[in-house]
Amino acid sequence: MTERKIRVRFAPSPTGPLHIGGVRTALYNYLFARNTGGTFILRIEDTDQARYVEGAEDYIMDSLHWAGIKVDEGVREGGPFAPYRQSDRKEIYHRYADELISKGDAYYAFDSPDELERLRHEHESRGVTFNYGCVSRMNLCNSLNLTAEEVAGRLASGEHYVVRYRMPENQDIHFTDLIRGEMVVNTSTIDDKVLYKSDGMPTYHLANIVDDHLMEITHVIRGEEWLPSLPLHVMLYRSFGWEAPLFAHLPLLLKPTGKGKLSKRDGDKMGFPVFPLYWPYGETATGYREEGYFPEAFVNMLALLGWNPGTEQEIFSMEELIAAFSIERVGKSGSRFDPEKAKWFNTRYFQMKSDDELVALFMPLVNDKGFYPSPEKLKKIISLVKERAGFVRDLWHEADLFFVAPETYDPEVVRKRWNADSPGQMRELRDVVAAVQQFTSDNLEQTVKEWIVAGPHNTGTILNLFRLLMVGVSRGPHLFDIVELTGRDETLRRLDNGIMRLSSKVS
RNA sequence: GGUCCAUUCGUCUAGUGGUUAGGACGUCAGGUUUUCAUCCUGGUAACAGGGGUUCGAUUCCCCUAUGGACUACCA
């Protein structure tokens, strides 16, 4: 095993949009593969025809692509072990089921779903759990207690059947999980799982083991929900006589508050996405991409949710994650998802973007608003407002004052700053501003401040009123930067307009 | 109900048989910014409980509690 080249796989089921927990599983597989010089495989596990959802397969691949997780072998990429979609490998599994039957480790079962359902209900009403296993199987309809002729007859007549694994009785199975360590489970507590369904498709358990073996997977890194079936999988490897891969079961992502694992509802309720990309089918859902998250921030956030480097570093590029990642440092317990921290990660990446990058990202939004500034001007604006935003789309909220004159004036600020003397003060200020020939931030600021100091006016009052008339609210970049970028004509227009409107309101 | 897994600030987590139990997010306060935000400084806040083992347990063991997963011809 140690000699073998490391090969890992992400094996999602195309039953809907890929949840961020799934993306994290894929990410950890990818990081592990790259860290060890191994291969990352994407295998589509679509053995359940009933739950197959059109578009889900593309969604999975698009999501990984967006996140920067590169698939080495997969449905789109191909590879030496193709095909990578289980429905395209359908004929492979049958003979492995047969192999197990001939070894006596599996058997045919003819019980109808209705009959089993009835049995379950009946047991439940008595307060016990029905198990198709070592205690009940001899009372049920299967090849273990039918004669060979009967079995052959039923098979020949085309009767529906499933193949079940014959779980041995009372054996302690010891196995190791890379994250949780040694574990032991007694086989008597495990039921006889269906390996092969009556529709001619294998179940997850069979297909998964067969494909992992055939594709020479060395490490199975998957969600914790699979931990209970690990003993079964270990037994299957033994029955086949195959060397089992190493297993690592990742803890789950939990709701931000309350009980249970993260679900779509939490996102809807608390206003954050639970999926990487927009899901356009059926019940639609927004994605991190559409909400304006940078894929690097998204990946960084996900990587730190359940794994840590053991240092105090929190910001990691993909390359740094690859270099630092190890399964040993994955935590044992579930992680609550914190949407606030997700935003914080994005803000950090946003601040790291160059002004030019942000111009390219922001320009379309500005154009949508009906404005067409030169890239140079937009760059200047961005440099002034960038530090107060965490997302590209926040930028408009910060930058609109450069495009649109205030329509309203914050009543709170008006009440606090605008009094009977204000109109006169503002008209004086207006004349000072109008008189400045070189209309730059530096000389205008100097002139205005000198004028204030020389006169009877209060600096704070004048400047705050000036801002109110320019912007309408008490926030935004350095006042004189706004004035410079807005230009003399527009500045005077805003002053005149404000004086007029606020004077009439007060009197 | 049964099986398995887990448990350090509100959240993500580091860490150790003897530490002032560290960092980050959030939050609070102060400073900077004559605005808001950023930024800086500081504060807040945790070893689930009970038994052991030990000179000494947050750390090792057991029990309990709590949380989680699984318990389909779904993955």
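So that the names make sense, note that chain A is the first sequence line, chain B the second, and so on, each numbered from 1.
Both distances falling under 3.5 Å, in either a Watson-Crick or a G-U wobble arrangement, occur for no nucleotide opposite C74(B).
Nucleic acid contact class of Leu252(A) (heavy atoms, under 4.0 Å, all strands): sugar-phosphate only.
Salt bridge status for Glu99(A) with Arg95(A): absent, with no side-chain N to carboxylate O gap under 4.0 Å.
Residue Thr129(A) places a side-chain atom within donor-acceptor reach of the base of G1(B), judged by atom type and a 3.5 Å distance cut-off alone. For C74(B), its base sits under 3.5 Å from the side chain of Arg51(A) at one donor and acceptor pair at least. Judged by distance alone with a 3.5 Å cut-off, no donor-acceptor contact links the side chain of Lys261(A) to the base of A69(B).
Note on Arg120(A): every side-chain N or O is 4.0 Å or more away from OP1 and OP2 of G1(B). The phosphate of U11(B) has neither OP1 nor OP2 within less than 4.0 Å of any side-chain N or O from Lys343(A). Within the 4.0 Å cut-off from OP1 or OP2 of G10(B), not a single side-chain nitrogen or oxygen of Thr257(A) is found. In this structure, Lys259(A) reaches the G67(B) phosphate: one of its side-chain N or O atoms is under 4.0 Å from OP1 or OP2. For Asn308(A) and A14(B), the shortest distance from a side-chain N or O to OP1 or OP2 is below 4.0 Å. Applying the 4.0 Å criterion to OP1 and OP2 of C74(B), one finds that Lys197(A) has a side-chain N or O inside that range. Distances shorter than 4.0 Å separate none of the side-chain N or O atoms of Ser13(A) from OP1 or OP2 on C74(B).
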